[in-house]
Amino acid sequence: MTDLILDEPTRRLCEAIADGSLAPVRLAVVAPGEYGKTALLDHLGNLCDSTKIRLVDDAHLLGVDELAALSELASDSDVGLVVAARPRPRPAGLTELLGRMRGQIVLRPFDLRQVEQAVGAERAAFTHAQTGGVPGLVMRRDVAELGHSLDHSDPGTLRLLTAIEAGADFELLAEDFDDVAGQIELARATGLLGPDGTLLPIAVRALRAVVPVEQREAVRRRLAELSLLRGGPLLPMARNWLDDGLSGTYCAGFFTSAAGEAMAAEPALAARLYSAAVDAGTPAGEIGARWAEAAARSGDLDTALRLADQVVANREAEERRDAASVAAVALAHRGSLDRSAELHRWARSGAFAAVGFFGAGRLAEALAQLGGSDEDAPPTLLSGAIDAMARGIAESVTGSPAVALSTLVSAAELLEPVGDSVLLPDTPAALAAIVALHSGELSIAEPVLERALAAGSGGTILAARHRLLLAWIAMVRGDLTLADERLAAAGSTLEPRDWLMSVALEVGLARRRSDLTALRRIWGQACEAVIRQRVDLFTLLAFGEFEVAAARLGDEARIAPHLKQARDLVTALGDPPLWSAPLHWSGLHAAILAEHPAEAEQHVAALGDFPPALAAAARSWLRVLRGDVDAVEVEAAARGLHAAGLWWDGARLAGQAAIRTSDRKAMVLLLDCARALRGDPEPESTEDAVAPKLSDREIEVAELVLDGLTYKQVGERLFISAKTVEHHMARMRQRLGAPTRSDLLSHLRDLLAR
C-alpha cells in the first residue's frame with residue numbers, strides 16, 4: 001500500500017505514539033490479511049525513532065524462540081513494542097505475547113467514502129463491491145498480484161478457498177476437513193471472505209487465475225460426491241458450475257439431481273441443468289422426458305416438443321408416456337387440441353384426454369375417457385382437481401351449465417395450493433372463466449382468474465392465458481382502458497392459442513371504439529391467427545368476435561370456413577346451449593351489420609331461451625330492426641345484458657332503439673338507459689339532448705362517417721354522390737342542434753352508442 005488512508009481515531013493514536021504520549025507503547029494489531037497491518041507499521045516507522053520502538057510484522061509466522069524474545073522485550077519499559085499478526089494461526093507463544101500488550105489498534109474495511117478517496121468517485125462503487133472495502137485489496141486492484149499471494153498460501157487453506165469458490169457450504173466442508181472450524185478461521189484470516197463467509201469477487205477471479213483447472217475439478221468432483229451422499233441441497237453449487245463446461249460421470253449425476261431439485265420453483269434453471277447433464281455425459285434418453293417438462297414449464301415449447309418426440313419415438317425409453325404427456329401439453333398450448341387429446345389418451349391421462357376431446361368436438365371419445373384415471377393412484381389434490389375439471393367440462397356439454405360452472409370453480413380452488421408446480425394443458429380457472437363468459441356470469445369469472453394468478457396455477461406458461469381472459473371480461477363490460485392494461489400485461493410473446501385470444505381482443509377493442517382504421521390494421525393478423533389456430537370449443541369467443549368484425553369490414557368470405565367448423569363442432573357435441581348461444585349471438589350481430597334479416601331471425605330462433613339475457617335481447621334486436629320499438633321491453637333487455645356483464649352490448653341495444661323510434665318519450669327513456677349502462681354522466685337537460693328520429697339512410701351515412709370514411713368514400717359505398725352525403729350531414733347537424741362538425745359527431749356517437 002502507498003498513500004495510507006486512516007480513520008481519525010487511528011490517525012490520532014499514531015500521533016500519540018510518535019510524540020511519546022503513550023510511552024511505553026505496548027500495542028497489538030490483529031487483523032486479517034490485506035487489512036493494512038504492514039502499511040500501518042511502515043507509517044509508524046516513519047513517524048517514530050527506531051531506537052525507541054520495535055515494530056514487529058507477521059508475528060503469527062514467528063518461531064518459539066523469537067516469540068519468547070519478544071515477550072522478554074515487552075518487560076523493558078525503555079522500548080516501545082507494536083506487534084502485528086493475523087487472527088490465525090495462533091501459536092502458544094503468540095498468545096502469551098499478545099497477553100502482555102496493553103491495547104489494540106483496530107483496522108476495519110473502508111467505507112464507500114474512503115474507497116472514493118483511494119480510487120476516485122467514478123470507480124468507487126464498483127471497487128467497493130469487488131473488494132468489500134478491504135484496504136489492501138482496494139489499494140492493490142491487481143488480480144495477478146493477489147493470485148501470486150494466494151499461490152504461496154497454506155495448501156489446506158487454498159483447497160478450502162477453492163471449495164468455497166465452488167459453492168460449498170460449511171456443513172458440506174465439515175465432511176471433508178478434519179478441523180473444518182480451524183480451516184475456516186485460517187481462510188477468514190486471509191481477508192478474502194466477506195462477513196457472510198462467501199468469497200469476495202476479486203478473490204474469486206484470483207483463485208480462478210491461480211488454481212490449475214485439474215485441481216479445481218478434483219475439488220468439485222469431491223464436493224459432488226459428498227453432496228450426492230448427503231442428499232442435497234445441490235442448487236447453490238450447481239448454479240456456479242453451469243457455465244464451466246465440466247464433464248464426467250460425477251458431474252452428470254450431480255447436474256441431473258440438481259435439475260430435479262430446481263424443477264418445481266425454477267423450471268428454466270432445471271432445463272439448463274438437464275442440458276448440462278447431457279453435455280457431461282448423461283444419455284439424453286434417460287432424462288429426455290424430465291428435460292422436456294422443464295423446457296415446457298419455462299415456456300420453451302419448441303425444445304419441449306423436440307425432446308419429448310425423441311423419447312416417444314424411442315421404444316426402449318422408460319419415460320415414453322411421461323414424454324407423451326409433455327408433448328400433449330405443448331400441443332394444447334400450440335392450439336392442436338385434438339392431437340393433444342390423442343397423446344394424453346396414449347399416456348393414460350384420462351381426464352386431460354377427455355377435456356381435449358370435448359374441446360375438439362369428439363363427444364364419444366371424450367365420454368369414453370371420463371373416469372379413466374389409474375384407480376391405484378393416490379387421491380391427491382392435483383388428481384382431484386384434474387378429475388373435477390374433466391367432469392365440469394362434461395357437464396357443460398351434456399348437463400347443466402350451472403353445475404358445470406360450480407364444478408370448475410371447485411376444481412380451480414382445489415388446484416390453488418399445488419398448481420404452480422404442475423405442467424397443465426389448461427387450468428380449471430381458465431375453463432371456469434370461459435364457461436362463465438358463455439353463461440354471463442362475469443362476477444364469478446373474474447375472482448376465479450385473479451386467484452389463479454395469485455396462486456400461480458399452471459405456472460408461468462399459463463399466466464398469459466389468465467390475463468387475456470381477464471382482459472376479455474373488461475372488454476365485454478365496456479371498460480376498454482382496463483382491457484388495454486390487462487392485454488398489455490399478458491405480453492407480446494405468445495403461443496398460438498394465446499395469440500389468437502390476444503388478436504381477438506384487439507379486434508374487439510377496435511370495434512367497440514368504432515376505430516375502423518385500427519380494425520383494418522389488425523384484421524390481417526386476425527386472419528393469420530385464424531389460419532394458425534384450429535377451431536376448438538374454448539376458442540369460440542374469439543371466433544365470434546372475428547365473425548362480427550368480418551361483417552363490419554365486408555370480409556365474411558375470409559372467415560366463413562372457420563365459422564362453419566365452429567358450428568359443426570358444436571353440432572357434433574349435440575348443440576349444448578352453453579356453447580352454441582354465444583355463436584348465435586355473434587352470428588346475429590354479424591347478420592345485422594351485413595343486413596341479412598333472414599339470417600338474423602335464424603340466430604334468434606336458435607338461441608331459444610339460453611341464456612335468458614341473450615335470448616331476450618336477441619328478440620328485442622329483431623323488433624328494433626323492424627322499427628317496432630317497445631321502450632319498456634328494450635330497456636329491460638338492455639339492462640338484462642348489463643346484468644349478465646355485457647355492458648357495452650346493453651348500451652348499444654338501447655342506443656340503436658332510441659334512434660329508430662319516433663316516440664319522443666321513448667327516445668328520452670332509451671337514451672337515458674344507454675348513457676346509464678355506459679356509465680356516462682347525465683346531461684343537464686335530457687329533453688334538449690334528444691333528437692328526432694333519424695332515417696335509415698341517415699343512420700347508414702352517420703355510421704360510415706363515424707368509421708372515418710370521407711364523404712366521397714361514403715357516397716361510393718352507398719351509390720350516392722358526395723354532395724348528397726354532405727346534404728345528409730347538414731340536415732342531421734341542423735336537426736340535432738350541433739353548432740360544429742365535432743359536436744355533430746359527438747351527438748351521433750351518443751345516438752349510435754358507439
Side-chain angles (χ1 to χ4, degrees), residues 332-333 351-352 354-355 358-359 381-397 399-479 482-483 485-487 489-490 497-498 501-502 504-505 508 536-542 576 578-579 581-582 611 613 642-647:
H333 286 270
F352 286 148
V355 172
F358 278 123
L381 287 176
L382 176 61
S383 64
I386 294 170
D387 286 344
M389 179 171 72
R391 285 188 282 104
I393 294 301
E395 188 70 25
S396 76
V397 172
S400 162
V403 173
L405 183 55
S406 175
T407 304
L408 288 167
V409 170
S410 297
E413 292 173 349
L414 197 61
L415 186 68
E416 285 172 11
V418 296
D420 61 340
S421 59
V422 183
L423 183 63
L424 300 171
D426 214 335
T427 63
L431 296 177
I434 292 171
V435 168
L437 279 161
H438 277 252
S439 55
E441 299 287 355
L442 273 64
S443 60
I444 294 175
E446 194 164 38
V448 167
L449 291 168
E450 288 171 345
R451 287 199 306 271
L453 271 175
S457 294
T460 56
I461 193 173
L462 276 157
R465 182 157 174 77
H466 295 145
R467 290 191 174 95
L468 290 168
L469 287 166
L470 281 168
W472 198 280
I473 292 169
M475 180 181 73
V476 298
R477 279 179 171 165
D479 192 342
L482 179 59
E485 293 171 359
R486 289 174 170 176
L487 174 58
R497 180 176 67 181
D498 292 337
M501 180 69 75
S502 173
L505 276 162
D536 65 53
L537 198 63
F538 312 124
T539 60
L540 296 182
L541 289 171
L578 175 76
W579 298 104
H642 188 275
L646 300 173
W647 300 354

Can you tell me how far apart [atom1] ([X]) and [atom2] ([Y]) are? Round to the nearest 0.5 Å.
X      : Y      : atom1 : atom2 : answer
Leu424 : His333 : CG    : NE2   : 7.5 Å
Ser396 : Leu405 : OG    : CG    : 10.0 Å
Leu487 : Met475 : CG    : CE    : 10.0 Å
Ser502 : Leu468 : OG    : CG    : 6.0 Å

Subject >> Donor-acceptor contact below 3.5 Å, side chain Ser410 vs main chain Ser406 >> reply: yes
**OP:** Tell me, please, which residues at least two apart from Arg391 pass side-chain hydrogen bond (donor to acceptor under 3.5 Å, both in side chains).
**Re:** none
**OP:** Name all residues meeting the side-chain hydrogen bond (donor to acceptor under 3.5 Å, both in side chains) criterion together with Arg467; count only those two or more places apart in sequence or in a different chain, and write none if there are none.
**Re:** none
Per-pair distances, 0.1 Å, donor-acceptor, side chain in residues 450-457, under 3.5 Å, sequence neighbours excluded:
| from | atom 1 | to | atom 2 | distance (Å) |
| --- | --- | --- | --- | --- |
| Arg451 | NE | Glu416 | OE2 | 3.1 |
| Arg451 | NH2 | Glu413 | OE2 | 3.3 |

Subject >> Counterpart residues, ring pair (Phe, Tyr, Trp, His ring centres under 6.0 Å), relative to His642 (two or more places apart) >> reply: Trp647
Subject >> Atom of Pro611, atom of Ala581 and distance for their closest heavy-atom approach >> reply: CD-CB, 3.5 Å
Original post:
Pairs in or reaching into residues 424-436: which pass side chain to side chain donor-acceptor pair (under 3.5 Å), with residues at least two apart or in two chains?
Top reply: Asp426-Arg465, Thr427-His466
Below 3.5 Å, can you tabulate the donor-acceptor pairs from side chains in residues 430-443 to any protein atom, sequence neighbours excluded?
| from | atom 1 | to | atom 2 | distance (Å) |
| --- | --- | --- | --- | --- |
| His438 | ND1 | Leu578 | O | 3.2 |
| Ser439 | OG | Val435 | O | 2.9 |
| Ser439 | OG | Ala436 | O | 3.4 |

